[in-house]
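All remarks here apply to the structure that follows.
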Amino acid sequence: MIEDLKVVALGGGHGLYASLSALRRVTSGLTAVVTVADDGGSSGRLRRELGVLPPGDLRMALAALCGDDEWGRTWSEVVQHRFRSEGELHGHALGNLLIVALWERLGDTVAGLDWVGRLLGAHGRVLPMSSVPLDIVAEVELDGVVSTVRGQVACALTPGRVRAVSLVPADPPASPEAVQAVLDADWVVFGPGSWFTSVLPHLKVPELAEALHTTRARRLVALNLAPQPGETDGFSPQKHLEVLRQHAPALETDVVLADAGVADDREELEKAAAALGGRLVLADVASPDGSPRHDAQRLASVLDEIFRGKR
């Protein structure tokens with residue numbers, strides 16, 4: 001554990017869950033900055049009914065930060081619990097309801113998340129990337145025809161190849177606490193996660209994007225273990241980096257981390273990392289069962305070595 005290291009992890013959903021599960025084992029100074037564009041499932045229903053930020057990705061981040069003791073494991077399972085019924089509660093995650101209840105009680109989004117974090121004994125802090133709910137708009141090419149698709153769920157499931165994403169509103173306000181966390185960080189970690197709907201949107205929030213470009217923190221990009229069906233079909237690891245560069249040409253990185261088992265063309269991947277100003281680190285970070293999931297312990301070990309300058 002590196003006690004004094006400040007790390008900010010960007011993303012949402014299962015990808016951010018994976019990085020946070022590893023990073024909480026590396027540093028006590030961890031902050032998650034989470035996308036707020038989900039419009040499906042329990043989050044979408046609460047967003048439409050109550051006009052709140054979609055809580056689902058925020059809930060998953062908090063669950064990932066729970067400890068490995070009985071308290072942490074229990075609360076992680078409780079906030080992730082989904083009701084199964086024939087009524088209105090069906091499909092709602094308990095953690096989503098808890099978060100929204102605190103938002104209504106306190107009238108402060110960040111304070112509500114901090115309260116949930118204290119209840120869970122979270123090893124870090126969770127912040128929204130924007131203070132307002134967002135919609136993702138994707139530019140999609142299919143059979144030579146380019147169209148636009150709106151909504152995170154639609155973007156993730158659309159046939160065709162996503163070429164670029166934007167946000168509605170176009171210039172959303174960033175969470176001030178998220179901007180400050182980035183500016184104060186020693187390391188900023190992008191990914192893994194849904195590239196177009198969880199990772200790149202952070203670069204479309206102007207104040208947050210400026211902080212990500214100007215921070216003195218070192219930047220690490222953690223690549224996915226497999227393309228995401230419906231979003232990055234056919235993408236090589238280096239293609240992910242090329243898309244990142246297209247969306248943020250001036251953004252420089254220090255390290256690109258990829259699993260050794262998915263780097264089919266190391267030379268091309270090194271070139272793509274160098275084009276972003278970074279160096280490539282290959283390591284075994286995938287789950288040993290062969291599934292396309294990061295192993296928390298393996299990823300934590302490699303990140304610890306990178307942060308300490310040993311790799």
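Quick note: numbers below take in every heavy atom, side chains included, and nothing from hydrogens, waters or symmetry partners.
- Considering only heavy atoms from C-beta on, L16 stays 4.5 Å or farther from D57 through its side chain.
- The line from CG of L303 to CD1 of I2 is 9.5 Å long, rounded to the nearest 0.5 Å.
- Residues C66 and R73 form no side-chain contact, since every pair of their non-hydrogen atoms from C-beta on lies 4.5 Å or further apart.
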Exercise. Give the C-alpha distance, both sets of side-chain angles, the deciding distance and a yes or no for salt bridge (Lys or Arg N to Asp or Glu O under 4.0 Å) between E268 and K271.
Key: CA-CA 5 Å; E268 288 301 312; K271 288 180 181 177; 3.5 Å; yes
Quiz item: How far apart are the C-alpha atoms of K310 and E305, what are their side-chain angles, what is the distance that settles it, and do they pass the salt bridge (Lys or Arg N to Asp or Glu O under 4.0 Å) test?
Solution: CA-CA 5 Å; K310 295 181 179 179; E305 291 182 353; over 6 Å; no
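- Screening residues 113-139 for ring pair (Phe, Tyr, Trp, His ring centres under 6.0 Å), with sequence neighbours left out, gives no hits.
- Going from atom CH2 of W187 over to atom CG of L23 covers 11.5 Å, rounded to the nearest 0.5 Å.
- Annotation: side chain of D4 is not in contact with side chain of D186 (no heavy-atom distance under 4.5 Å).
- Side-chain heavy atoms closer than 4.5 Å link hydrophobic residues (I, L, V, M, F, W, Y) into clusters, and following such links, even through other members, never connects M1 to V26.
- The heavy-atom pair separating A263 from L269 by the smallest distance is CB-CD2, 3.9 Å.
- No continuous path of ILVMFWY side-chain contacts below 4.5 Å connects F196 to L225, so the two sit in separate hydrophobic clusters.
- Looking only at side-chain heavy atoms (C-beta outward), L98 and L119 come within less than 4.5 Å of each other.
- In this structure, NZ on K204 lies 7.0 Å from OG on S166, to the nearest 0.5 angstrom.
- Here the side chains of R279 and V281 are in contact, with some heavy-atom distance below 4.5 Å.
- Between L113 and V116 there is no side-chain heavy-atom pair separated by less than 4.5 Å.
- In this structure, R245 places its CZ atom where only 12 or fewer heavy-atom neighbours from other residues, nucleotides or ligands lie under 6.0 Å away.
- Note: Y17 OH to H294 NE2 = 15.0 Å, rounded to the nearest 0.5 Å.
- For H240 and F235, the ring centers are positioned less than 6.0 Å apart.
- Taking the side chain as every heavy atom from C-beta outward, P201 and L167 approach each other to under 4.5 Å.
- The two residues P128 and S175 come nearest to each other via the heavy atoms O-CB, 3.0 Å.
- The pair D284-R298 does not count as a salt bridge, with every side-chain nitrogen at least 4.0 angstrom from each carboxylate oxygen.
- Crowding of R308 atom CZ: a count of heavy atoms from other residues, nucleotides or ligands under 6.0 Å exceeding 12.
- In R84, the CZ atom is crowded: over 12 heavy atoms of neighbouring residues, nucleotides or ligands sit closer than 6.0 Å.
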Quiz item: Given L241 and V256, is the side chain to side chain contact (heavy atoms under 4.5 Å, CB included) satisfied, shown in steps?
Solution: CA-CA 9 Å; L241 298 181; V256 172; 3.9 Å; yes
Exercise. Mind running side-chain hydrogen bond (donor to acceptor under 3.5 Å, both in side chains) on Q152 and T197 for me, showing each step along the way?
Key: CA-CA 6 Å; Q152 181 170 317; T197 54; 4.8 Å; no
Quiz item: Yes or no on side chain to side chain contact (heavy atoms under 4.5 Å, CB included) for L251 and L276, after CA distance, side-chain angles and deciding distance?
Solution: CA-CA 7 Å; L251 184 72; L276 289 170; 5.9 Å; no
Side-chain donor-acceptor distances from residues 131-146 under 3.5 Å, at least two apart:
| from | atom 1 | to | atom 2 | distance (Å) |
| --- | --- | --- | --- | --- |
| D135 | OD1 | R47 | NH2 | 3.0 |
| D135 | OD2 | R150 | NE | 3.2 |
| D135 | OD2 | R150 | NH2 | 2.9 |
| E139 | OE2 | R163 | NE | 3.0 |
| E139 | OE2 | R163 | NH2 | 2.9 |
| E141 | OE1 | R163 | NH1 | 3.4 |

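- Surrounding CZ of R82 are more than 12 heavy atoms belonging to other residues, nucleotides or ligands, all under 6.0 Å away.
- Enclosure of atom CD in E210 is not indicated, since only 12 or fewer non-hydrogen atoms of other residues, nucleotides or ligands lie within 6.0 angstrom.
- In this structure, a donor-acceptor pair under 3.5 Å is present between the side chains of R45 and H92.
- A donor-acceptor contact shorter than 3.5 Å links the side chain of R25 to the backbone of S21.
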Quiz prompt | Verdict with supporting geometry, V79 and N96, side chain to side chain contact (heavy atoms under 4.5 Å, CB included) | solution = CA-CA 8 Å; V79 296; N96 290 355; over 6 Å; no
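- Using a 4.0 Å cut-off between charged nitrogen and carboxylate oxygen, R118 and D114 do not count as a salt-bridge pair.
- Residues S287 and D295 have side chains that never bring a donor and an acceptor to within less than 3.5 angstrom of each other.
- By the 4.5 Å heavy-atom criterion applied to side chains, W195 and K239 are not counted as neighbours.
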Quiz item: Does the pair L244 and V221 meet the rule for a side chain to side chain contact (heavy atoms under 4.5 Å, CB included), with working shown?
Solution: CA-CA 10 Å; L244 175 60; V221 177; 3.9 Å; yes
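- Clustering ILVMFWY residues whenever any of their side-chain heavy atoms sit less than 4.5 angstrom apart, transitively, puts V168 in a cluster other than the one holding V52.
- The two residues A296 and A22 come nearest to each other via the heavy atoms O-CB, 3.5 Å.
- Here E177 contributes atom CD and L127 contributes atom CG; the two are 6.5 Å apart, rounded to the nearest 0.5 Å.
- In this structure, the separation between OG on S42 and CZ on F83 is 9.5 Å, given to the nearest 0.5 Å.
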